[in-house]
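See below for the structure under consideration.
Values below: every heavy atom of this structure, side chains too, minus hydrogens, waters and symmetry copies.
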Amino acid sequence: MADEAERLLNETTLRVAITGLSRSGKTVFITSLIANLLAMGRGRQTLPALSALLERQGTVLRGVRLEPAGTQALDWFDAADKIRDLAGARPHWPPRTSDLASASLTLEFSRSGPMRLLGSRRVRLDLLDYPGEWLLDLPLLDQDFAQWSAATLALLRAEPRAAVAGEFLDFVAALDPAAPADEAVARRGYRLYLTLLEQARDRFGLRWLQPGRFLRPGPRGESPMMWFFPLPGDGPAPSGSLRDLLARRFVAYRDDMRQNFFDPWFARFDRQVVLVDVLGALWAGQGAFEDTRHAVAQIAAAYDARSRSRWLGLSTLKRVGFVASKADHVPAAQRPALESLFSAMMATAGEDRRTTSHRAIAALRCTEDATHDGLPVVLGVPLGEERRRPFRPGHIPSAPPPPGDPFWSRPFFELPALRPPLIDPDGRDGLPHLGLDTLLAWLLEDAL
């Protein structure tokens, strides 16, 4: 009883969910967050903006500890293992997230004034890592099969998706939706649809690809409820027809995502971070950029609605940080333009700036700023090489260029994958970053 009372008085738990669209660097972000908080707890100045916040509040950080895995059912996010990947003899970026994973940190603070009689205060950060592809299924919760099919088929008939959707669209055009359900036809359609999603992602850098779990199914893998694809048709599907079968599988998939992910996890988040590879989309061309823009707008709208619902007692979500990752890939002079571009992409009507933030950061900085031939560049070591080279990514617009703008007629730029920086294999001194500290200070400000 005494232990329970002590926890109620002295311990606060914040559930922080972290996700990101494909190739946004989410795993590295979580690794850097953990490593830098632990180093800060050892007295290293790894997160100066967070340290300054604590100083203004008259709060002293006594230590930070990583909680043991215990008996949790989720995968354990092993930051130490990922730091070894980054710092090995042949440094490489850690593998991508394929399922839910978690880790917990406890920050211990000294109290001042009369409150010091209660002892130290603890803030426990429960970090939840999950595939960004799953986040794209959030809008499906409010759609039925006919609505989703109509919207998806309209996208597939437009460029750039049309370039890879021909075989699938021909297949669908030859079907009779009212014909008796045929499992072979359903499986064939699913395979064709999955293939075009993969091609849209890999060839054109598209991100608005639903259902998200088709591309990242998790450890349970593929299941029969996933064997569906968009099929036109209005009104109730004839019982026993192909459209009826696909519609029932769509509902089963949607309900499974709600019951096994969104309801037990999504509804419990206090803070959320969503990472977006804005530079990758910009450099891939207008199609990829507009698709990413649409994806983040849909996600932002879903979070905005969820943030408002907390006043009705339906949500605990208080702050959402949208992050343009890999800010170290452009010179310092261009980073304000990158942040402005991202803010313009994310702008939504009625958005509450107190609960939503947009910023550009690099969770692990792997470049240095320099000049080359009188122009600002970044210096980095491409994977597989040993020497630094200068890179200049060109103009970064401060607002999204409209369709037909001369910007889109320029040759697309692709920065090669860069090698992680030289770091301590134990991560004791933290990891170099750009802006991670200001993001954390904003996320945790009201709770601290």
Listed by chain and number, what are the salt bridge (Lys or Arg N to Asp or Glu O under 4.0 Å) partners of [X], not counting sequence neighbours?
X    : answer
D129 : K26
E290 : R293
E386 : R419
D78  : none

For [X], what residues pass the side-chain contact (heavy atoms from CB on, under 4.5 Å) criterion, not counting sequence neighbours?
X    : answer
T59  : L54, Q57, F109
L444 : L14, L125, L448
A35  : I83, L431
R90  : none

Scan residues 42-54 for pairs that pass side chain to side chain donor-acceptor pair (under 3.5 Å), counting only residues two or more places apart or in two chains. R44-D429
Mind jotting down which residue pairs meet the side chain to side chain donor-acceptor pair (under 3.5 Å) criterion with at least one end in residues 327-342? Sequence neighbours excluded, please. R335-D369
Side chains of residues 393-402: which donor-acceptor pairs under 3.5 Å do they make with residues two or more places apart or in other chains?
none

Table please: side-chain donor-acceptor pairs of residues 195-202 below 3.5 Å, with sequence neighbours left out.
residue: T195; atom: OG1; partner: R191; partner atom: O; Å: 2.9

Measuring only between side-chain heavy atoms, which start at C-beta, is L86 closer than 4.5 Å to P94? yes
Whether the E67 and T106 side chains hold a donor-acceptor pair (N or O, under 3.5 Å, no angle test) is what I'd like checked. yes
